[in-house]
Amino acid sequence: MPQQKALIIGAGIAGIATAIRLAVKGYAVEVFEANSYAGGKLSEFEQQDYRFDAGPSLFTMPQYVDDLFRLAGKKPEDYFTYQKLDVVCHYFYPDGTHLKAYADEQQFAEEVKAKTGEPAIFTHKYYRNSSRIYDITNHVFLEQSLHRLQTYLSSKTLKSILRLFQIDAFRTMHQANRSFFKDKRLVQYFDRYATYNGSNPYKAPATLNVIPHLEQHFGAYFPDGGMYSITSSLVRLAQDLGVIFHYNSPVDEIVVQGKKVEGLMVKGDLHLADVVVSNMDVWFTYRKLLSGHPQLFPENILSQERSSSALIFYWGINKQFPQLDLHNIFFSANYEAEFKAIWNEKAIYHDPTVYLNISSKYQTNDAPPCCENWFTMINVPANTGQDWDTLIAEARQNIVQKLSAQLGEEIVPLIINESILDPRSIESRTSSYQGSLYGTSSNSQFAAFLRHANRSATISNLYFCGGSVHPGGGIPLALLSAKIVSEWVV
Ligand code: FAD
């Protein structure tokens, strides 16, 4: 039988992972990428003598990356290495509290007790709840397709379904967090996990309180070489397996004959395929690549609320700050008002929570000696046509004021180079509708069911991977989408 051909639209992390999995299955795989580089959001760039990871900075669930090397019969450490963080993140509160999120649960519970007075037993109880939600949901909601009958026929799934009443779907994350802790700082700490998939803790179901378990139990890591080494090592693996990457090659159309995919149109050429997998945001996949088939658009799915976006200032800083680490959070004084501004007013709050990532703390050559590379990010609404230039100018001023006050030093004179990423540029660089970081939001109990499936219900041999489809955004879930696609493709 001749070798089957799979064509993949986009070299985002899910597109690369799908390419690897299909190559291992015996497909001849080609990836068409619009940009001149791989990785999509998970890319890097240099700014004078500073290197920056452009997008993701927090690395969790490294086993999903390792799995790909093992699947291909390779040793992960020959391609990709990483180290576990002892302190996941440093939290700075407006009242001067500095909370260290130790990776070790007991140590963290003691830190919480020392800094907030909350008894350690409450912290342990919280993580037990988080772990229980994981045990129930992981198998059903993350590792398999929700859109395949087979999923519901296994006894493991049925057992999970019988326990679904225990996943706390009818309270918000914030309500649940308040029921665990009295201290507002700790509630804010746990509410923040909603932002891990671009959601709002005052709306998102408490089921998302599973996220702290993922970070605490499985840990947070720093990939040697920086986040981009996830992309570069997987591209190397894919190439070793014979996958062909075509850069600067935007796909213009998914060619459909009858109700079957025939191939792709790229720069005027038709490329025939047995299987097509789109790693392009599903919203744009339909509107741009399948524009001739509007009757096939799943409008109820495409109209779901998008996740939040981000505004990032990449600053080359000519000083080092020993009180800072790899991950640092400077909280706002009023978290609820901040989320109201983002979600209700579609604006940027005047006192935003600032996330500061400094990869040069671990990868010292990411900045010149005695300097640091600051990835300074705030959560902002998805792009619905706001006056971004004005919002960005105001936000920059508020951020530098906040950081200067918290660090006790004027930071503007220390910024020696700068570039900016905002919802518009996220949208244009990666074709992510409205510049959302994580596809659709998880602000409702039904979000998981209303995320697009990994296979088209109407066009045969058309599949979808990446953060805009099931099981959702973020590197771990994007990698799981690739696994689900490859298990579905025959
Ligand atoms: P994307 O990265 O969206 O890439 C899609 C690719 O498809 C792009 O390369 C694009 O050019 C290409 N493409 C699109 N259309 C076409 C076309 N027509 N033809 C050819 N190619 C096309 N996740 C975490 O786990 N941890 C974090 O700390 C984290 N922080 C983040 C911070 C930021 C600023 C951003 C932007 C994202 C962050 N995320 C984080 C989310 C994470 O980056 C994404 O969920 C994940 O990288 C999405 O991968 P993807 O495979 O869906 O594709």
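Ligands are counted one by one from 1 in listed order, and the atoms in each one are counted from 1 as well. Because only heavy atoms are used, hydrogens play no part in the values below, and waters and symmetry mates are left out as well, while side chains stay in.
Within the structure, ligand 1 lacks Ser481 among the residues with a heavy atom less than 4.0 angstrom away. Proximity of Pro476 to ligand 1 is established by a heavy-atom distance of less than 4.0 Å.
The part of Ser431 lying near ligand 1 is the side chain, judged by heavy-atom distances below 4.0 Å. With a 4.0 Å cut-off on non-hydrogen atoms, Arg429 touches ligand 1 through its backbone and not its side chain. Of the heavy atoms in Phe59, none comes closer than 4.0 Å to ligand 1. Here Ala38 has no heavy atoms under 4.0 Å from ligand 1, in either its backbone or its side chain. Under 4.0 angstrom from ligand 1, there are no non-hydrogen atoms of Leu477.
The shortest non-hydrogen separation linking Ser468 to Val282 is OG-N, 2.9 Å.
Ring geometry for Phe59 against Tyr82 counts as perpendicular: the plane angle is over 60°, on a 0 to 90° scale with 30° as the lower cut. Using cut-offs of 30° and 60° for the angle between ring planes, the Tyr202 and Phe339 rings count as tilted.
Of the protein's non-hydrogen atoms, Ile475 N, 2.8 Å is the one closest to atom 25 (O) of ligand 1. Protein heavy atom closest to atom 21 (N) of ligand 1, with residue, atom name and distance, is Ala34 N, 3.0 Å. Looking only at heavy atoms of the protein, atom 4 (O) of ligand 1 is closest to Gly12 CA, 3.4 Å.
Not a single N or O atom of Ser468, backbone or side chain, sits closer than 3.5 Å to an N or O atom of ligand 1.
With sequence neighbours excluded, the residues forming a ring-ring contact (aromatic ring centres under 6.0 Å, His included) with His213 are Tyr134, His217, Phe218, listed by chain and number.
The closest non-hydrogen atom to atom 32 (C) of ligand 1, taken over Pro423, Pro250, Ser307, Gly55, comes from Gly55. The residue from Leu437, Leu58, Thr430, Leu289 that puts a heavy atom closest to atom 36 (C) of ligand 1 is Leu437.
Exactly one of Asp366, Asn328, Thr376 qualifies for a side chain to side chain contact (heavy atoms under 4.5 Å, CB included) with Ile358. That residue is Asn328.
The pair Arg424-Asp389 meets the salt-bridge criterion, since a charged nitrogen lies less than 4.0 angstrom from a carboxylate oxygen.
In this structure, a donor-acceptor pair under 3.5 Å is present between the side chains of Tyr127 and Gln216.
Taking NZ of Lys483 as the start and CG of Asn454 as the end, the distance is 12.0 Å to the nearest 0.5 Å.
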